[in-house]
Amino acid sequence: MCGIVGYVGDKDLGSVILVGLEKLEYRGYDSAGIAAIHNHRLVLMKKAGRLKDLYSIVNGVVFNGHVGVGHTRWATHGKVNDINAHPHTDCNDRIAVAHNGIIENFQELKKELEAKGHKFLSDTDSEVIPHLIEEYYKGSLKDAVLKTVKRLEGSFALVIVSSLEPDKLIGVKKDSPLLLGVGKDEMLLASDATALLSHTKDIIALLDGDICVCTKKGYEIMDFEGNKVEREIKTIEWEPTMVSKKGYKHFMLKEIYEEPDIFRKNIQEYIREDDFTLLKDYNLRRLLLNKSRYYFQASGTSLHAGFVGRLWLEKMAKVLTDADFSSEFRYREPLLSKDTLVVAISQSGETADTIAGIRLAKEQGVDVLSIVNVKNSTIARESDYVIYINAGPEIGVASTKAYTAQLLVLLLLSLELAALKGYLSDEQRRELVKDIRKLPDLAERVLHLDDEINKIAEEYKNSNYFMFLGRGFNYPTALEAALKLKEISYIHAAGYAAGEMKHGPIALVDKNLPVCFIIPKDSVYEKTKNNLLEIKSRGGKIIAVATEKDDSIKEFANHVIYVPKMPEILEPIITIIPLQLLAYHIAVKRGCDVDKPRNLAKSVTVE
Ligand code: G6P
């Protein structure tokens, strides 16, 4: 949610910042802007629209200064236009600030500053920041920033540059992410590591309440009182090529195709021979065994993974499990006790509501485990224990590979816990390990259906509404499939538990309504089939995701996507893959910007 990249060093400022912004554009793409030092002055260029619109004015400009900052915006305050684009400046265009977050007390600050003669140009909350710095500037940018941050309420990652001190790049972090990339004779500040990778892998995740003052030769980190603090440099493993499309038309498609390899990686990481090793940490194992209730809290796709996790934990490990949206969980005074384990699931590790849910649990002395993709992210750092899903950088705004990787980790967690609790015999455990080892192959077989799915997409690309129905493990699949389709194709779509369909949604069925059933041959097959017939008899168009060789489905469905036969507990990890592809192809055919759907952002760092 808004991406920032700041640079101090000798490389070409314009291209370092634009290329950095390209990597961060998934965080917001309402407008983009850059402020850089040129001829000892601050030059500001900003434009509503996608980054390519900014490229058209910045490309080719050579800044002869060494410091600059860029921003890609997801609008919160003030509509999308050139003026509201970041960075924002003070009255004399000498101080520029890029901001990610929300300044909650901006109205009173604005009034105060206006009374002192400051002139505001935009409708944003962020513009108060450069004016405050201007107000407090008495010869030291650092001191002015220190005074400014004490006046701000809300969440803010800031990157500040100024022609008054043109060798400095200053970063501030509170409740929005900001990383420092430590290079040789260059420093970078960015909202996430993807923008840093091509310059350095040595990264410091700034903590809340940190201010970082960088020159190209070094950096100093202090708290909001100005006291020096030490932060550890960590070297990250991601390679720059992991954030390229590798020949695929879209990141989303590339990421769907990475799913088999991510299963392989996690199997290698979390299974040894015929045993699970996810819980190799003794303390974590003990903690999990001691809890009588688990509580998943997550947002979007990650919560859908939590819905599946709940089913697995209850069925296999026989532990009472709840799952809720973080945005609900945090405000509804959930009943938590010392016996509860709060489990946060997040791809980015930066979702504001999920972080707030963790803090709520911690305030009540409740332990938190998180299941995260991005290493060293805020959620990973703030949780008592972390399990990584090892999906690599996910750039497409619609989450795909992170979802199936979350599912695999949740399945392993449930099974290992079940084994530890004595609910699985050695024989059963060995069989289950064997089954899980088949996942990469199963996923690859589903990817071979791509052309077939593309043809189905052609037929339904102009539909106005879609319904997805599934039972048991595939009810969350229905929810996730509907979310994928609406996110990227803007077709209204809803997922329901198949048995609930008759209590309302069935009223929507007519000959124009495509209804997608996730109906593999499993313990709820016959029940789901009854629901399918109920839709059929009302004229709905049926697409079925079914088990290969299930010929009877062909009689009733307009289209069948056959997935391989697999044990029921593996189903949700595989049945979503054809539906990710279906959403992708429909969106492409409708001319939608698949990787950057309108109004969305990948990392939602505001509540
Ligand atoms: C945003 C993204 C979704 C994602 C959700 C939760 O809404 O667009 O794709 O599922 O945030 O993100 P997280 O990083 O916490 O999994």
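Quick note: residue numbers are just sequence positions, from 1. Counting starts at 1 for both ligands and their atoms, following the listed order.
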I want to check a possible cation-pi pair here: R598 against Y490, using under 6.0 Å from ring centre and within 45° of the ring axis as the test.
yes
Atom 3 (C) of ligand 1: the protein heavy-atom neighbour that sits closest, reported with distance to 0.1 Å:
E487 OE2, 4.2 Å
Answer yes if the ring centres of Y496 and Y475 are under 6.0 angstrom apart, and no otherwise.
no
the protein heavy atom lying closest to atom 11 (O) of ligand 1 turns out to be K602 O, 3.7 Å
of all protein heavy atoms, closest to atom 7 (O) of ligand 1 is V604 CG2, 3.8 Å
Can you check whether Y385 reaches D367 side chain to side chain, under 4.5 Å on heavy atoms?
no
Please could you name the atoms of ligand 1 that T351 approaches to less than 4.0 Å, counting only its heavy atoms?
6 (C), 12 (O), 13 (P), 14 (O), 15 (O)
Does V397 have a non-hydrogen atom less than 4.0 Å from ligand 1?
yes
Considering heavy atoms of the protein only, find what lies nearest to atom 8 (O) of ligand 1 and give residue, atom and distance to 0.1 Å.
A601 O, 3.1 Å
Quiz item: cation-pi between K173 and F156, 6.0 Å / 45°:
no
Considering distance alone, does some N or O of S348 sit under 3.5 Å from an N or O of ligand 1?
yes
Of all the non-hydrogen atoms in the protein, which one sits nearest to atom 10 (O) of ligand 1, and at what distance?
T301 N, 3.0 Å
Sub-6.0 Å ring centroid separation between F468 and F466
yes
Given side chains that start at C-beta, do those of L485 and L579 come closer than 4.5 Å, heavy atoms only?
no
Do R359 and E382 sit within salt-bridge range, that is, some charged N less than 4.0 Å from a carboxylate O?
yes
Ligand 1 to Q347, heavy atom cutoff 4.0 Å, flagged ligand atoms 13 (P), 14 (O), 15 (O), 16 (O)
Pair S326-T354, side-chain donor/acceptor within less than 3.5 Å:
yes
Out of all atoms in ligand 1, which are within 4.0 Å of some heavy atom of S299? Include the element for each.
5 (C), 6 (C), 10 (O)
Among all protein non-hydrogen atoms, which one is nearest to atom 16 (O) of ligand 1, and what is the separation to 0.1 Å?
S302 OG, 2.6 Å
